[in-house]
Amino acid sequence: MKIHEYQAKDLLRAAGVPVLAGRVARTPEEAAAAFTALGTPVCAVKAQIHAGGRGKGQVKGSTQRGVELAKTADDAARIAKGLLGNTLVTIQTGPEGQVVRQVFVESGCAIDRELYCAVLVDRRVGSPVLIASTAGGMDIEEVAHNTPELILSEPFDPDRGLAGYQARLLAAKLGLPTASWRHAEAFFRKLCAAFVSLDASLLEINPLVLTKDGALVALDAKMTFDDNSLFRHKDLAALRDEAEEEPAETRASAAGLSYVKLNGTIGCLVNGAGLAMSTMDLVKYHGGEPANFLDVGGGADVKQVTEAFRIILSDPHVKAILVNIFGGIMRCTTIATAIVEASKTVGFTVPLVVRLEGTEVEEGKKILANSGTAIITADGLTDAAKKVVAAASAA
Amino acid sequence: MSILVNRDTRVICQGITGKVGEFHTRGCLDYGTRMVGGVTPGKAGETVVGLPVFNTVAEARDATGANATMIFVPPAFAADAILEAVGAGIELVIAITEGIPVLDMARVMPVVKASKSRLIGPNCPGVITPGQCKIGIMPGYIHTPGHVGVMSRSGTLTYEAVWQLTQLGHGQSTCVGLGGDPLVGSSFIDILTLFQADPDTHAILMMGEIGGSAEEEAAAFVKQHVTKPVAAFIAGRTAPPGKRMGHAGAIISGGKGTAEAKLEALRDAGIEIAESPADMGQALVRAIKRRG
């Protein structure tokens, strides 16, 4: 689960990590009032969307940037007006962009230099790590690729946390003045503790700022949570902003399905993430474009699978559907029953190609054959992909 | 011969009194696996599908001589179940459970590393040595005894590959599901090491997916240490960056973890590449032919 910058900063502040004062605004008037209330000579007005790259991002059809500085309350209102209700396109949103529904008005600070840090779980090390770099504000992936020596990394045990010496080691390597080491130690250790206590999957501070008076401040904050841990953080559920999510994806997750919307014309319904990805690959290999990734999982029942069909059919771009099931836990009979059910209750408006294999395959095929439902059956992967691509291009 | 499991492996199921645990315990029994008992705290004395239930893994081990466990405990308690199995000295711990918090696994990993236990999974289909022992949720009938070692990060994709192999007349020595989570107990390299050392495994088929760098590391290992023919498939060639494809680990971020980078590393190691998921079995056949 992703949250907004202002929400992440609230959580960081509560965890004792230094952030600047700021207020959320949903209208230009609120932005002006926020500027006045903060009482600093300069404020940043920042679009709040679930995607990075806002500073360089631009509003569709204007020169408005996703983050700009305001020197007066009127400035703040003008920038907010340029953002609110408009679509911001950044390197991470894709060309379609994302609508800005709120802005964060944040106090300015005197910046000495910009750094980078992040906490995440490193698969190779098998533990969380604190990553830091002197290349603040830049695209860190690019830094990692071109100048890996600029990326510093300290693994830590989730329960023991980051040791003081590890924080000082990073402070020294980052070239921070010795007078700031005390600040750095507190900042890094609290950041790592927040990551663990919130069960975050990513906590990125870019830029992390060294102020002119030697303190460290999180100027930006990006926080993502481990969905598997949300059951023990009921309070975090309130931070979810469904307006930022693809409606079909929200609907799918409510039904316990894993769905990702894509831009093609061939709807895919598959069991298992690896097979679902491979099915998309195969569709593309045979000249088609997948409309979605959809993993119904192993334990889905007829109701869930029927809902999966509804979600796929709600996408107006879908011209044909490919069902690819290799039954393990999932039984082919469940899928077959759901197909019959969906054809009755939802109605298939596009051709349906079905490939079944695995647990209870013969019984499943029988259910389909006896139902009279109009389906195109396929034997094997290649046959299925060719048939669905042909069906979609004929439509 | 085979790796990890064979007809002498004595298996318990942690979470045997749950619906899923019971269902798959029966499936394993039907396949011929030597299931010897189960564990659910507070349910000692009951029997499930004819097997005795114990309160703790240690009790189950002492009473049954179990040396492997299959874990179906719900996600919130699964990490603890793994620790219990490791603490009881069970040699092979196979965690099927999907959805374990990643920091729970970060707490488990060092304990497993410091022990003599081997962990497979979590979020995996399990391990099968065809005709001898099935521990997990895979459909047994698609497998045939033979000499191809199969390993994968994905369950149903493994079934697909195994089915293709079986239809091509290539049986399997052992099939290992590594698991789709960011942190798993055994890596491609761990299993490659076992396959390379197993005289009954003559060739290896591996299925990877986008995200992380496990496939690149496996490729480097194959180049240096594996003399047997290897074929590979990478799922997610068409996945767009920044979108998580079901598995917690399957995401391309910032140009890292792309299928292209993985394929390049695999090719460079002399591994035969399956161009599509329908080509996995054939790729293995090509890999064997190429070696003569």
Side-chain angles (χ1 to χ4, degrees), chain A residues 51 92 94 121 123-124 126-128 139-142 144-145 157-159 195-196 199 201 226-229 231-232 258 260-263 270-286 289-290 293 295 297-299 325-330 357-359 380-382 385, chain B residues 20 23-24 75-76 98-107 109-110 113 125 137-139 142 152-160 163 180-184 207 209-210 212-214 217 233 235-240 242-250 253-256 259 275-278:
Chain A
Q92 288 184 17
V121 171
R123 297 192 207 185
R124 266 185 292 186
S127 79
D139 178 6
I140 197 67
E141 308 286 359
E142 223 166 86
H145 187 261
D157 177 275
D159 295 326
F195 177 88
V196 172
D199 269 308
S201 55
D226 174 14
D227 292 343
N228 289 343
S229 304
F231 71 88
R232 58 189 177 203
S258 174
V260 179
K261 167 106 177 60
L262 301 167
N263 298 322
V270 190
N271 66 324
L275 191 60
M277 272 190 280
S278 305
T279 303
M280 289 162 43
D281 295 345
L282 193 69
V283 163
K284 190 130 178 171
Y285 185 77
H286 288 284
E289 279 293 334
F293 164 96
D295 169 15
I325 298 296
F326 208 118
I329 314 186
M330 171 60 73
E357 199 55 71
T359 310
L381 278 181
T382 304
Chain B
V20 187
F23 180 79
H24 290 290
E98 176 179 359
I100 302 179
V102 68
L103 284 180
D104 285 6
M105 283 310 300
R107 292 177 173 99
M109 296 295 272
K113 268 182 202 160
I137 60 179
M138 63 291 276
I142 60 172
S152 170
R153 276 159 74 175
S154 148
T156 48
L157 187 59
T158 315
Y159 310 163
E160 185 69 55
W163 185 234
D181 282 357
L183 297 187
V184 290
M207 274 74 65
E209 62 190 30
I210 52 165
S213 58
E217 289 149 29
F233 173 71
R237 275 170 118 162
T238 59
K243 300 266 192 185
R244 191 165 63 89
M245 292 292 158
H247 284 160
S253 57
K256 264 204 207 157
E275 290 300 327
S276 92

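In the text below, chain A, chain B and the rest are named by the order of the sequence lines, each starting its count at 1. Computed from a prediction, not measured in an experiment: that's the story for all the values here.
Considering every non-hydrogen atom in both B:Ser213 and A:Arg124, the closest pair reads OG-NE, 3.6 Å. Among all heavy-atom pairs drawn from A:Phe231 and B:Pro101, the shortest one is CE2-CG, 3.7 Å. Scanning both residues, B:Pro277 and A:Leu282, for their nearest heavy atoms gives CD-CD1, 3.7 Å. Across B:Ile100 and A:Asn228, no two heavy atoms sit closer than the pair O-ND2, 3.5 Å. Heavy atoms only, all atoms of each residue included: A:Asp159 and B:Arg107 are closest at OD1-NE, 2.8 Å. Closest approach of A:Gly274 to B:Ser154, counting heavy atoms only: CA-OG, 3.2 Å.
Heavy atoms of B:Glu275 lying under 4.5 Å from chain A belong to its backbone as well as its side chain. For chain A, the nearby part of B:Ile142 is the side chain; its heavy atoms alone come within less than 4.5 Å. Contacts of B:Ala76 with chain A are made by both backbone and side-chain atoms, with heavy-atom separations under 4.5 Å. Only the side chain of B:Met109 comes within contact range of chain A, with heavy atoms under 4.5 Å apart. Neither the backbone nor the side chain of A:Val283 comes within less than 4.5 Å of any heavy atom in chain B. Contacts of A:Tyr285 with chain B are made by side-chain atoms alone, with heavy-atom separations under 4.5 Å and no backbone atom involved. Contact annotation for A:Asp227: only side-chain heavy atoms (C-beta onward) come within less than 4.5 Å of a heavy atom of chain B.
Residues B:Leu183 and A:Val121 meet the side-chain proximity criterion, which asks for heavy atoms closer than 4.5 Å. Between B:Tyr159 and A:Leu275, the closest side-chain pair of non-hydrogen atoms is not below 4.5 Å.
Of the residues considered (B:Lys113, B:Arg237, B:Met138), B:Arg237 shows the highest number of contacts with chain A, using heavy-atom pairs under 4.5 Å. No other option in A:Arg232, A:Lys284, A:His286 has as many heavy-atom pairs under 4.5 Å with chain B as A:Arg232. Each of B:Leu103, B:Asp104, B:Val184 has some count of heavy-atom pairs under 4.5 Å with chain A, and the biggest count is that of B:Leu103.
Other residues, nucleotides and ligands place more than 12 heavy atoms under 6.0 Å from the CG atom of A:Asp157.
Rounded to the nearest 0.5 angstrom, B:Glu209 CD and A:Asp281 CG are separated by 11.0 Å. The line from OG1 of B:Thr238 to CG of A:Leu262 is 8.0 Å long, rounded to the nearest 0.5 Å. The OG1 atom of B:Thr156 sits 5.0 Å away from the CG atom of A:Asn271 when rounded to the nearest 0.5 Å.
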